[in-house]
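Quick note on labels: first sequence line is chain A, next is B, and so on, each numbered from 1.
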Amino acid sequence: MPELPEVEVTRRSFVDAISGARVLMVQLGKTLRWPLGCEPAILADRVVTGVRRRGKYLLLDLDKGMLLLHLGMSGSLRFTPAPEPMGPHDHFDLLTSAGVLRLNDPRRFGAVVYAASPSEPVVQRLLGKLGMEPLSDDFHQDVFVTGLRASRAAVKQVLLNGRLVVGVGNIYASEALFLAGIRPTTMAARIGPERAKKLYEAIRQVLELAVQRGGSTLRNFSSADGSVGHFQSEAHVYGREGIPCRVCGTAVRMVRQGQRSSFFCPRCQRA
DNA sequence: CAGTGGGCCTGAGTGC
DNA sequence: TGCACTCAGGCCCACT
């Protein structure tokens, strides 16, 4: 479900509330993608010192160790003042002195993993191969352009795989490619420098706008304070197969790439 | 090494 | 109402 904007909006929605809070206890539901990796009891009395984001991971910093959270396809976090009984899709409750952080994830592709330190192998395994952060100063245009040039895969796949740039998922890949006028099926290496630069700018632009709009709420995404996103209502192509392009009126088309749907306007995205 | 395809899970929607 | 089927915002891993 959540791509970078949804994860970032979620982070912002509870970082101030939880920072400085002391962990009282942890409650687990069904196992997620991976086991927690520690005895829940050892987390008691640790202090949450901050919440960072890397790609689509949230990093919950503790005064000793950290928790890596991923929302998978269907996960969402909620931070509430008081504990409530866990429902069938609630899999992780972090009870703290400031409130309860709860992960709800029907499909359980998400994860919460403990790491005693940033140098733990698990951290390297999960975060080690991630590409540039598109909304940070770390996102270098020349590295992006060179990276595209080096790949023979379809540009949409390159955006999705996270090795060059992180956080761009199925919605925002289609949207960024629309803004740049590039078809999702175009081989990355065949995109010239000028168009690659345009795509670089489009990625920043679409992700920034999406964060401003509170992300996209397609099914039931909401951030940790319960608010929903509104970006989906201004998407140009995602989920709009057969609907006239907002720019030129041509019917938006859908293609399958690696078991995922891609959407594009055949007129605005000519190559 | 890069690239592709399968699989992990559950729920919603569709067509018969 | 029931069943079979497809699809869904992600990502790891085995394979070529």
Side-chain angles (χ1 to χ4, degrees), chain A residues 1-10 29-35 37 53-58 68-77 87-92 103-113 121-131 146-177 184-190 203 206-207 210-211 213-223 228-235 237-241 254-263:
Chain A
M1 149 169 104
E3 306 182 30
L4 184 150
E6 291 75 32
V7 177
E8 177 60 20
V9 167
T10 294
K30 292 187 192 169
T31 5
L32 295 158
R33 173 187 274 270
W34 300 297
R53 180 187 57 74
R54 178 74 176 98
K56 297 170 193 168
Y57 285 89
L58 284 176
L68 289 77
L69 286 79
H70 199 289
L71 302 180
M73 289 278 268
S74 58
S76 60
L77 287 173
H89 301 313
D90 297 322
H91 308 301
F92 176 84
L103 175 65
N104 178 280
D105 184 5
R107 290 175 71 181
R108 291 189 280 136
F109 288 175
V112 182
V113 175
V122 65
V123 179
Q124 180 62 30
R125 184 169 65 81
L126 296 180
L127 308 182
K129 294 196 171 149
L130 296 184
T146 309
L148 284 187
R149 176 127 300 200
S151 173
R152 303 185 57 75
V155 59
K156 165 97 173 328
Q157 313 276 46
V158 175
L159 295 184
L160 286 186
N161 78 23
R163 287 190 280 239
L164 188 55
V165 57
V166 295
V168 183
N170 212 34
I171 296 180
Y172 300 110
S174 277
E175 293 301 311
L177 287 164
T185 46
T186 300
M187 186 194 296
R190 298 194 51 189
I203 290 168
V206 72
L207 293 179
V211 170
R213 294 292 182 270
S216 297
T217 296
L218 265 51
R219 293 188 162 61
N220 48 19
F221 169 78
S222 59
S223 50
V228 298
H230 300 283
F231 177 86
Q232 71 281 1
S233 63
E234 37 196 300
V237 288
Y238 183 83
R240 297 174 61 83
E241 184 185 15
M254 195 258 280
V255 288
R256 303 287 296 176
Q257 293 181 276
Q259 290 100 253
R260 318 290 306 272
S261 299
S262 301
F263 300 87

Touch class at under 4.0 angstrom, heavy-atom based, for A:Tyr172 against every strand present: nothing

Options B:dT10, C:dG9, C:dA8, nucleotide nearest the side-chain atoms of A:Ser261: C:dA8

Given A:Leu177, A:Ile171, A:Val237, the one that forms side-chain contact (heavy atoms from CB on, under 4.5 Å) with A:Phe263: A:Val237

Value in whole Å for how far the C1' atom of C:dG10 lies from CD of A:Gln257: 16 Å

N or O in side chain of A:Arg108 less than 4.0 angstrom from B:dT10 OP1/OP2: yes

Sugar-phosphate, base or nothing in reach of A:Gly169, heavy atoms under 4.0 Å: sugar-phosphate

Point-to-point distance, once rounded to the nearest 0.5 Å, from CG of A:Leu160 to OH of A:Tyr172: 13.5 Å

Separation of the P atoms in B:dG3 and C:dG9, to the nearest angstrom: 22 Å

Name of the residue among A:Asn104, A:Asp105, A:Leu58, A:Val7 meeting side-chain contact (heavy atoms from CB on, under 4.5 Å) with A:Leu77: A:Leu58

Whole-Å gap separating C1' (B:dT4) and CZ (A:Arg152): 15 Å

A:His70 side-chain N/O to C:dC11 phosphate OP1/OP2 under 4.0 Å: yes

Separation of atom CZ in A:Arg107 from atom P in C:dC11, rounded to whole Å: 13 Å

Under 5.5 Å and under 30°: A:Phe109 stacked on C:dC11: no

Watson-Crick or G-U wobble partner of B:dC9, both distances under 3.5 Å: none

Length of the NZ-C1' vector between A:Lys56 and C:dG10, whole Å: 6 Å

Nearest-0.5 Å distance that lies between atom CD in A:Glu6 and atom NZ in A:Lys56: 9.0 Å

Sugar-phosphate only, base, or nothing, as touched by A:Gln157 at under 4.0 Å among non-hydrogen atoms: nothing

Contact nearer the 5' end of DNA chain B, comparing A:Ala150 with A:Pro106: A:Ala150

Inter-nucleotide P distance (B:dC9, C:dC3), Å rounded: 23 Å

Non-hydrogen side-chain atoms of A:Asn170 and A:Lys156 separated by less than 4.5 Å: yes

Could you pull out all donor-acceptor pairs under 3.5 Å where a side-chain atom in residues 122-131 of chain A meets a protein atom, sequence neighbours excluded?
none

Between C:dA8 (C1') and A:Leu71 (CG): distance, integer Å: 15 Å

Nucleotide B:dG5, atom P - distance to CZ of A:Arg260 in whole Å: 14 Å

Side chains of A:Arg213 and A:Glu234 in contact at under 4.5 Å (non-hydrogen atoms): yes

Short heteroatom pairs, N/O only, protein and nucleotides 12-16 of chain C, under 3.5 Å:
{"unit_1": "C:dC12", "atom_1": "OP1", "unit_2": "A:Tyr57", "atom_2": "OH", "d": "3.3"}
{"unit_1": "C:dC12", "atom_1": "O4'", "unit_2": "A:Arg33", "atom_2": "NH1", "d": "3.2"}

Stacked pair A:Phe221-C:dG9, distance under 5.5 Å, angle under 30°: no

Heavy-atom check, side chain of A:Met254 versus side chain of A:Ser262, under 4.5 Å: no

Strand partner of C:dG9, provided both Watson-Crick or wobble distances fall under 3.5 Å: none

Spacing between A:Leu4 atom CG and C:dC11 atom C1', to the nearest angstrom: 16 Å

Separation of C:dG10 P from A:Leu58 CG (nearest whole Å): 15 Å

